[in-house]
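This report refers to the structure that appears directly beneath it.
Given the structure is predicted, the values throughout are model-derived calculations rather than measurements. Atoms within a ligand are numbered from 1 in the order they appear, just like the ligands themselves.
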Amino acid sequence: MHNLQEFQSGVIYNWINCIKKLLNPQDIILVDGSENQTSGFKEEAIKKNILIKLNEDLLPNCYLHRSNPNDVARVESKTFICSDTKQDAGPTNNWWNPKEALSKLINISKNSYKNRIMYIIPFCMGQIESKFAKLGIEITDSLYVVLSMLTMAKVNKKVIKKLKELEEIHENSDEFGLSGTASWTRCIHASCNTDPDNRYICHFPQNNMIFSVNSNYGGNALLGKKCLALRLASVMGKNEGWLAEHMLIMGIQRPGTQGIKYICASFPSGCGKTNFAMMALPEIYTKNGYKIWCVGDDIAWLRIGKNGGLWAANPENGCFGVCADTDKITNPNALVTARENTIFTNVVHDKTRNTVWWTGLDAPPDDATDWQGLPWSAKNSQTRGEHPNSRFTAPITNCPCLSAEYNNPEGVQISAIIFGGKRSELMPLIFQTSDWIHGVFMGSALRSETTPATDGKTGILRNDPFSMLPFCGYNIADYFQHWLDMGRTLGEKAPKIFNINLFKRDKNNEFIWPGFGENIRILDWILDRLESKVDGKKSVIGLLPDINNINIQELNISKKNLESLLEIDEKLWNQELNNIQNYYNKLGENVPEELINQLEILKSKIKIN
Ligand code: OXD
Ligand code: MN
């Protein structure tokens with residue numbers, strides 16, 4: 001085996017050999033994260049037309065990739081939790097008997113690496129020196145996956161060393177292969193021929209293993225991200241007493257306050273976590289000394305720290321952000337983040353300048369190709385040139401407002417948690433829940449419109465509890481219980497929980513709240529509440545801001561519109577109660593009693609008023 005001297009014997013060697021026999025590659029390469037090897041991979045990817053090298057002066061070390069047009073998003077219908085029992089996976093996950101799933105995956109992937117290279121990627125999610133870090137090894141035949149993993153996870157010699165240490169505790173190496181379990185995650189990815197009918201993303205929590213076939217899309221193929229850091233990690237968190245969440249982490253610094261306050265916010269895929277996490281503030285805030293610090297834009301691992309508070313760490317090393325509509329207004333910091341060492345996927349190629357373009361950017365090109373490589377011109381084409389789920393994969397260290405704490409192995413202490421979804425009506429701009437249990441209830445009841453991050457129709461309102469519907473690796477009702485248990489342990493130290501909705505529309509179907517950088521006005525109220533600077537106004541669903549406590553200075557919004565953003569329509573809430581009730585019924589008997597009580601309390605309040 002090529003450059004595999006690091007793993008010459010032992011469990012990892014046996015495992016690699018077992019997968020090698022199954023996939024039958026032409027050669028094997030261990031990915032070590034070295035600069036030399038990485039540039040070699042890039043050259044190889046250019047030669048094979050996997051990447052197009054972009055203008056070095058405009059976008060240093062940046063590349064364009066086009067996916068198979070049928071492979072552009074996560075496929076929830078083909079994502080499986082292969083736990084021992086269906087009950088473990090719960091009512092919201094697709095469950096597949098592990099033995100049957102494995103035999104299908106073996107059938108599909110058998111010999112699929114013929115004439116291809118098998119890349120072995122040892123990787124770490126989280127800071128390697130943290131006891132919280134999770135290690136994995138991804139086997140893939142895709143150079144695009146290799147290069148993306150090199151950005152999104154930590155891949156280096158230290159990881160290899162740590163894996164070798166871990167391997168020593170596994171004695172039973174003979175049994176090891178596709179069975180048994182390990183203290184690192186075994187990840188197998190086979191591109192096959194990206195056939196959507198045979199596409200499966202399977203998780204085996206009991207084996208600490210992931211097996212993904214027929215997709216190269218980030219969310220389906222970069223197995224450290226959604227598959228390990230959320231689905232499997234959520235199961236580990238349940239067993240080990242912590243939480244793996246679909247949340248951004250950010251710090252807010254404001255004048256007259258000591259230190260930076262950190263918050264986590266959970267919005268479903270495609271609802272603006274990256275924009276929120278690196279929010280660029282309006283001038284009236286920057287000139288007064290406000291600053292935003294980004295710690296993470298998609299995933300948070302939350303644990304109870306030594307001081308009894310809740311601490312959050314970002315397990316990722318990069319951002320896998322949406323390009324379409326990312327611009328100077330929505331997220332100027334993302335544009336800077338994606339200016340070097342970045343892979344762009346499924347955007348417009350401006351052939352004259354050899355650069356990339358998407359809707360929202362300046363200088364729309366005339367001589368261009370669209371995301372599929374077909375001729376496209378801004379002037380003459382009727383449709384958008386980029387795919388709505390086009391992406392940039394960039395190192396998080398490129399982010400101009402990156403927090404100095406982003407790589408702190410302990411993470412940052414969290415003062416508030418925000419839940420939010422995309423709702424055109426009902427949900428107010430912001431409210432505070434009365435306590436942890438009420439906050440968990442609101443998280444469990446979250447509904448949001450679907451977006452292009454997943455296959456299927458967009459704009460469909462669906463239940464997406466804690467924005468974890470596609471990512472919770474076990475029974476979601478047990479997950480609610482785990483949140484309640486965490487709250488009990490945290491006690492007085494528990495962060496306060498808020499809900500926001502940035503997407504309410506007026507009768508002309510226009511968004512009412514300007515959003516983006518102006519969202520600091522909401523954060524300001526949250527911080528005021530944390531510091532007891534303002535009171536909240538009681539309502540049936542929680543504490544609302546007094547209209548005078550949301551700063552609308554230099555903002556183009558009338559008091560009347562602000563009022564409409566904060567109003568509680570009890571008729572709509574009545575319907576919402578029915579939805580929550582039906583949803584809980586669907587989730588079955590594991591829904592915790594405490595949440596059912598919360599629903600009853602809300603029902604009684606809405607009836608009384
Ligand atoms: C993502 C997603 O890519 O949630 O982050 O789909
Ligand atoms: Mn996400």
Can an N or O of Lys226 be found at a distance shorter than 3.5 Å from an N or O of ligand 1?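 The answer is yes, given that Lys226 and ligand 1 share an N or O pair closer than 3.5 Å.
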Where ligand 1 meets [X] - atom numbers and elements under 4.0 angstrom, heavy-atom basis:
X	value
Ser269	2 (C), 4 (O), 6 (O)
His246	4 (O)
Phe471	4 (O)
Ala453	6 (O)
Asp298	5 (O)

Using a strict threshold of under 4.0 Å (side-chain N to carboxylate O), is an ion pair present between [Y] and [X]?
X	Y	value
Glu449	Arg423	no
Asp370	Arg384	no
Asp464	Lys422	no
Arg447	Glu576	yes
Lys78	Glu76	no

Option from Thr79, Asn220, Ile201, Asp298 for which side-chain contact (heavy atoms from CB on, under 4.5 Å) with Lys226 holds: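 Result for side-chain contact (heavy atoms from CB on, under 4.5 Å) with Lys226: Asp298.
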Out of curiosity, Met209 CE to Cys227 SG, how far, rounded to the nearest 0.5 Å?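 So the gap between those two atoms works out to 12.5 Å.
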Ring geometry between [Y] and [X] (parallel below 30°, tilted from 30 to 60°, perpendicular above 60°):
X	Y	value
Trp301	Phe132	perpendicular
Tyr584	Phe480	tilted
Phe466	Phe419	perpendicular

Restricting to under 2.8 Å, identify the protein N, O or S atoms around the Mn ion (ligand 2) as residue plus atom.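 Protein N/O/S atoms under 2.8 Å of the Mn ion (ligand 2): Lys226 NZ, His246 NE2, Asp298 OD1.
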Which is it for Lys273 and ligand 1 at heavy atoms under 4.0 Å: side chain, backbone, both or neither?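 Neither; no heavy atom under 4.0 Å.
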Tell me which protein heavy atom sits closest to atom 3 (O) of ligand 1, plus the residue, atom name and distance to 0.1 Å.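 Checking every protein heavy atom, the shortest distance to atom 3 (O) of ligand 1 gives Arg391 NH1, 3.0 Å.
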Nearest-neighbour protein heavy atom for atom 6 (O) of ligand 1, which is reported as residue plus atom name and distance: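 Among all protein heavy atoms, the one nearest atom 6 (O) of ligand 1 is Arg74 NE, 2.9 Å.
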